Each structure stands twice: as C-alpha cells, then as structure tokens.
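Remember, predicted model here, so these are calculated numbers, not experimental data.
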2 protein chains.
Amino acid sequence: MSNLEDVAKAAGVSRSTVSRVMNNEGYVSAATRARVLEAVEQLHYIPNHAARTLVTQRSNVIGVVMPSANVFFGDNSYFPMLLQGIAEAANPRDISMILWLGQANEDPEHFSQRITRNRLCDGLIIASIGYDDPLIPRLVDNVPYFVMVERPVQFHDRISYVTCDNVKGGQMATEHLIRNGRKRIAHITGRLDLADGQDRLVGYRTALERAGMAYDPDLVVEGQFSYESGYYAMKNLLAQNFDAVFIPSDTAARGAIRALEEAKLRIPDDVAIVGFDDLEDAARTNPALTTIRQPVQQKGAAALTLLLDLIDGKVENPYQVILPLQLVIRQSCGANLSQPMQNQGGVASNR
Amino acid sequence: MSNLEDVAKAAGVSRSTVSRVMNNEGYVSAATRARVLEAVEQLHYIPNHAARTLVTQRSNVIGVVMPSANVFFGDNSYFPMLLQGIAEAANPRDISMILWLGQANEDPEHFSQRITRNRLCDGLIIASIGYDDPLIPRLVDNVPYFVMVERPVQFHDRISYVTCDNVKGGQMATEHLIRNGRKRIAHITGRLDLADGQDRLVGYRTALERAGMAYDPDLVVEGQFSYESGYYAMKNLLAQNFDAVFIPSDTAARGAIRALEEAKLRIPDDVAIVGFDDLEDAARTNPALTTIRQPVQQKGAAALTLLLDLIDGKVENPYQVILPLQLVIRQSCGANLSQPMQNQGGVASNR
DNA sequence: GTGTACTGTGAGAACGCTCCCATGTCAAAT
DNA sequence: ATTTGACATGGGAGCGTTCTCACAGTACAC
C-alpha cells in the first residue's frame, strides 16, 4: 500500500502538498495539483483512515446501536428502513456506519461494554424502541454524543431524540373512525411501557373526549406491536360490542384481521380498522389497511443530522425533533368505498 | 482522554508494560499487572483504536455490503437475520461491523467507490442475492478479502461464498408433494437470473424426473421472490390444471395464497403448497406453510468465519461453504393432517 | 563460577497522516 | 525602492499505539 510519501516522491512534491490536494485545501497551483492527482491515480493511493483519525481525532464513523429484540420489532421492514434513512443522510457526508447489534440473551452490561470500550465512533444513534432500556443510563455516562430514535420513557428531558407525534397519530386514527360514523371504537394498545404505546393511547382518548364520546375501559385491550399480540388481543376484544378498532401497528392489525376472519366478522362492514406504520404489511392485508404512516426513513436521516449537529456544536444537548404523521386511507376503515384509490389495493406494492 | 503514557505514569511503569497488560501478553508480574489495571480503571483508559490500527495494520472491522434493492428482499426479516448471524460470530472475536448500504438509484460505480476508497475494513461480506451485480468485478479488482453470501452466477469459480444447497431444496420440496400423492405439481420460479432461482428449478425438475413424472413447461411460471410476484404468477397459473405448487419464497407464497383465495380454491384440498425460507411469513399464513427452512443466521456466521479465515490465511481463496436445508411440514401441503404439530400453527411465532 | 534460559521491564523507532510554522515568490500598494 | 500580503511549497512535530531490541535479574545445570 502506497502512502503520502510515495505519492509525493512520484509527483516531485512534498508530503504536505499531496495532503493539501487530497483534502482540497487550496494553495496548490493547478499544475501541481494535476501532477499529484496523476500520481495518486497511478499508485492507486487511498488515504489511511487510521492515520487520519489518529491526528484529527475524528473518525467520521458513527455507530448505530440496536438491542437484539428491536431488530425484529413489529413490521420487519422497520429496521432496514431506518438504516436506509440513516445511510441516505450519511453517504453524502462521507460518514460510515458501524452497526452494534445486541445478541439474544446478552447481558446489557456486556453489550454496553462492547460499545463503549471502543472509541471507534464519533457518536451513536440508539435505535431503541422507546422503552427504558438499561443501556441508556450507561450510555449517558460513557458516550459523549448520542441520539435516540424514539423518545425514552425516562431521561427524556436530558437526551436528544427523534420521534413522531404519536399523540397526534392516535388522535388522527380515532377521529377518522369517528368521522365515518363509528360509535363504539375499541383500541388495542401498543406496549404501555413504551412512549409510543402510551402516546397513541393518549391520542385515542383525546379524540373521544373532543367528540364528546365516553371512554369505555372495556374497549381498551393492552397489547404489543406484534402479529401474535394483535391476534390474541382481538380474541379478547371479541367479547365486547364494538364497530371499529384502532390498532397500534399494521403487523398487529394483520393478526387481528386473522382473528376477525375466524370469528366470521366482516371488515369494514362489521368492524372498521385503522392501523399504524404503513410499512410493508399495510397494503397486503385483505382488505388493505387504512393506517397512520410513519416516516421511518426520515426518522433515520433526522437522527443522523441531529447527531452530527451535536458533535459539531451546532445545537445543544438535549435537542428533540418531532416528525409529523399522516393518515393513509385504504379500505379497512370503510371510508371512500365509492372512489377507490389507485395503487392502494391489497396487492400493489406501497413503495 | 487518557493515553498509555498517562496510565504508565500513574502506575509507575513504562508505556510498554501497560501495553503488555492491555494485550494480555504475559511477561508482567502479578503485582505490576494489578497496579496497571487499577490505573486503567481510575483514568477510564480506553485504547485508541486508530493508533492501534495504524501500527498493526489490522482494524478488526469488517464491512457488510448490501446493495439497496437487497435490503428489502423477499421476506424482510432476511436481512436482519443475516446481520444477526454475522454479529453473533463477530462479537466474541471483538470484530465490529461496518454497514455499506446502497442508495436507491445509486450508480454502482459510485457505490463501489464509496466502499473501496476507504481502507477502513479488513475485509468485506457481500450480502448479495446471488445475481450478477456490477459491483462484483469492481470488488474483485479492488478488495483483497471478501466473501459473498449466495453464489454469484458468474465468477463463482474465483470467488469465496456461502450458500445453501438450493438444488437439494427444490428437490426436497417437490418430492414431498409427490410423496403426498400430488400428480400435477406446478412451480412458480424465483428470479431466473439468480443462482437461487435457477438451482431451485433444477431441483424441481430433478425430483419429477426421479419420480418418472413428465416435466410440463405449462406448469412452470417464471416469477420473483416478492409478494406481488407470487400473486400475479398464481393468477397466470390458474388457467392450468394443477393440484400442487412449489413456490420459491414464503412471501411469494403469501401472494399466491391471496390469489387462490380470490379464486375460491382451498388449500391444501384443491392445491397443496410448499414455500421456501421459513422466516417470519411462513407460520402466519392460513393455513400455515410447509416450507424449506433456510439457515439464514448460520449463513451470516459462516460468511464471517470464512472471511476471517481468508484474512488469516487459514484457507485459500476461492473457498465455498454450502449449508443444508430442511423441510418443515405444516398444513399447506396437506400432509400429516391427522397429527398436527405443536407450535407450527398459523399464529404462534416460529422463533 | 560460568553459561544458558527464562522472566520482567524500559526506550526508541515506526505506522501514515495533519497541522503549524518557516520560507520563497510575485504582484500590488506605499 | 521598499513594504505588504496573498499564494505556493516544504519540513518537523505529534497523534497513541505496537514492536523490536536491549538489559537486568533470577534460577538452574554443569
């Protein structure tokens, strides 16, 4: 492997000049620059990342931390989409991305050690799902710069994060069902130890309140975001009398639909459904899901931008970014049946 | 940030001794070692990765390359599972993982530049899907050590890779349908420009041949691995007379099931189905899918191990690893209906 | 008592880069 | 004619490690 010195010799200049060319620093004549670039080409010179990092104290590598359970969280395209979003913001800035995945059954202490005993990254993005991961206090103490995706339940006043307006999302979903004449609207909640689950429930209650509708605790079943959870929560709900349900993820909605099918209930005629996420699953249910779209890629991109701004001192910790959500109307809510929308059927891809 | 020198001073020894302690090299007395470790603790000393890499010429970082389209390939848990597998092999060896994601519409030239102009990794794992990615020749020329996941259609005699025995897989699936008395077995193929798709088709034909059954081209529809593809391929197939179908992915099988439902055909009574992958989707169809299980995590772990062996000169390029596949019997094939298996129903998680 | 082998420790060089400072050139301003 | 300052280039120090070598001490065999 050639180094700066080799290139300098080949171009008949000094190491410093080659460095200036490589870093586009100016103060190099056009002729010299050309000669240097030619030598670089000829020798296949590539700057040594370690040497650069050593002197600049900046690696241009950021870490993405993902506890094991979260990788397979809810709709499985969540995690890839988030990474894609981070990458799209990182690439143009020449930032590389180290991935820290938790292992199944790995001690949080061990996991955090792996991450912190390794000053390899300039900062971290914690792709948490918003719960009180035991990792968080450890990171607060040991990592100078980090950003969370999703709001943690605790520490949220000391931590920088990016999240969506989940209260508003729950409200939008519920209001849409109200607008369409549903009278007994149920809610399968998300995990209530997570900020997301809590907030969406608050949104649901807010919508009912604003419409002057009574809050009936029997119509609220605590669930999670998974397919299985949706299935069993709906089984429980079937004892009640209801004509609509707001479900905290599209994947859970798939499970719930399965339970409704088994109970011979028709969607949306007997039960209208609004889901949440609008990732892979939403357009593939039968009928296609009305849902609240989460801008997952934007979340990733925003997290990266925020992290770099923190590192560069452009913003001060804690700094929070809250992204808007969007109602996507398809068939499961019973609205707009007269004017079906294009490309929102059950089979077309939603990407 | 403290460095070796600081620790040495605090412990009253030389830099060399601290280095020996940090690297567990021996030739340090127990007393000295204890004093050094205490100083390390006190100063929160963490070795500087860049400095270490600079002198050892070894970063202990490997890159995982994933072209954009592949991230969302087929069942979306494929990619996270693969990463998880790689991580599980990497963690105990203290190897970190850099993720190179292609962007949508990114020029392959640009993508490969991003990866190669950055000697940050000791080697690469190309998480391709086995097609002739234009990336491959570029990497062959520029990257000293890399391993592919899946066999590329070309270059396969010069490249190290890890794959599954897809021919055998296709054969197992088809033979299972034959054993269960099906007479007209169709096949929706995977992408035929991919080794996986090609091989599974070969397996299908081999099984028919061995059973003395005629190969009927009308029963073979070229498809892809996606949900949409499964749906439309099945729509096309419906014009034919068939009583079983082997589908190259569980996600495509979900699409095919949707088409069969719309055609009011019963599974497995009218049409028996065998899928492929056994990731997330398989256990969530109705009826649950009989399928060929792919050991995705093992593929990831094997790729990492192979890569490190190449780097360390323990094996010679090219070296190929072929992992076995396994038939998982559930309901969609119509077999074993009398003795249903535990935990293989449609709702229970398959993990 | 000398040679040999092993343990324990330290000093200096080297890895390949960036950054600071010194020096030289040349045109414009005084 | 001299000063000024922007441009162009080179040289040395330093980033924080590891690695090689040197050297002292101890133990044991002969």
Worksheet item: Rounded to the Å, how far apart are A:Met1 CE and C:dC17 C1'?
Response: 14 Å
Discussion item. I'd like to know if B:Arg117 pairs up with A:Asp94 as an ion pair, taking the criterion as any Lys NZ or Arg NE/NH1/NH2 lying under 4.0 Å from an Asp or Glu carboxylate oxygen.
Written reply: no
Fill in: Given D:dG16, D:dT9, C:dT18, the nucleotide with the shortest approach to the side chain of A:Ser19
C:dT18
Discussion item. How many whole angstroms separate atom CD1 of A:Ile46 from atom C1' of C:dC17?
Written reply: 15 Å
Worksheet entry | D:dT17 phosphate, OP1 or OP2, under 4.0 Å from B:Tyr45 side-chain N/O | yes
Worksheet item: Taking only side-chain nitrogens and oxygens of B:Asn23, does any of them come within less than 4.0 Å of OP1 or OP2 of D:dT18?
Response: yes
Item to complete: Could you tell me whether B:Thr53 contacts a base, only the sugar-phosphate backbone, or nothing, with contacts defined as non-hydrogen atoms closer than 4.0 Å?
Response: nothing
Worksheet item: Should we say atom CZ of B:Arg93 is surrounded by more than 12 heavy atoms from elsewhere, each under 6.0 Å from it?
Response: yes
Discussion item. Rounded to whole Å, please give me the gap between CD in A:Glu25 and C1' in C:dC20.
Written reply: 12 Å
Worksheet item: Between A:Arg52 and A:Asn23, does any side-chain donor sit less than 3.5 Å from a side-chain acceptor?
Response: yes
Discussion item. Could you tell me how far apart B:Leu54 (CG) and C:dA13 (P) are, to the nearest whole angstrom?
Written reply: 17 Å
Worksheet, complete the sentence: To the nearest angstrom, the NZ-C1' distance between A:Lys9 and D:dG10 comes to 15 Å
Discussion item. Distance criterion of 3.5 Å, no angle test: do you see the side chain of A:Arg15 paired donor-to-acceptor with the base of D:dG12?
Written reply: yes
Discussion item. So for B:Ser16 and C:dA11, does any side-chain atom that can act as donor or acceptor lie under 3.5 Å from a complementary atom in the base?
Written reply: yes
Practice prompt. Assign each of A:Val13 and A:Ala51 to its nearest nucleotide of DNA chain D by heavy atoms, then name whichever residue's nucleotide is nearer the 5' end.
Written response: A:Val13
Worksheet item: Has the side chain of B:Arg20 got a donor or acceptor that lies under 3.5 Å from a partner of the other kind on the base of C:dG10?
Response: yes
Worksheet item: So does A:Thr32 get a side-chain nitrogen or oxygen closer than 4.0 Å to the phosphate oxygens (OP1/OP2) of D:dT9?
Response: yes
Worksheet item: Per the atom types in the model, does the base of C:dG8 pair as donor or acceptor with the side chain of B:Arg33 at under 3.5 Å?
Response: no
Worksheet entry | Under 4.0 angstrom between B:Gln57 side-chain N/O and D:dT18 OP1 or OP2 | no
Worksheet entry | salt_bridge(B:Asp107, B:Arg114) N-O dist < 4.0 Å | no
Worksheet item: With a 4.0 Å cut-off on heavy atoms, is B:Glu5 in touch with a base, just the backbone sugar-phosphate, or nothing at all?
Response: nothing
Practice prompt. Write down the distance between OH (A:Tyr27) and P (C:dC20), rounded to a whole number of angstrom.
Written response: 13 Å
Item to complete: Please determine if a side-chain N or O atom of B:Ser29 lies less than 4.0 Å away from the OP1 or OP2 oxygen of C:dG8.
Response: no
Worksheet item: Rounded to the nearest Å, what distance is computed from the CG atom of residue A:Asn48 to the P atom of nucleotide C:dT18?
Response: 10 Å
Practice prompt. Using atom types as modelled and distance alone, determine if a side-chain donor or acceptor of B:Thr53 lies under 3.5 Å from a backbone N or O of B:His49.
Written response: yes
Worksheet item: Is any side-chain N or O of B:Thr56 closer than 4.0 Å to OP1 or OP2 of D:dT18?
Response: no
Fill in: B:Tyr78 and B:Lys299 side chains, donor-acceptor separation under 3.5 Å
yes
Response to the item:
note: A:Arg58, atom CZ; C:dC17, atom C1'; distance rounded to Å ~ 17 Å
Item to complete: Compare side-chain N and O positions of B:Asn3 against OP1 and OP2 of D:dG16 and report whether any pair is under 4.0 Å apart.
Response: yes
Worksheet, complete the sentence: Among the nucleotides C:dA11, C:dG16, D:dG10, whichever has the atom closest to the side chain of A:Thr17 is D:dG10
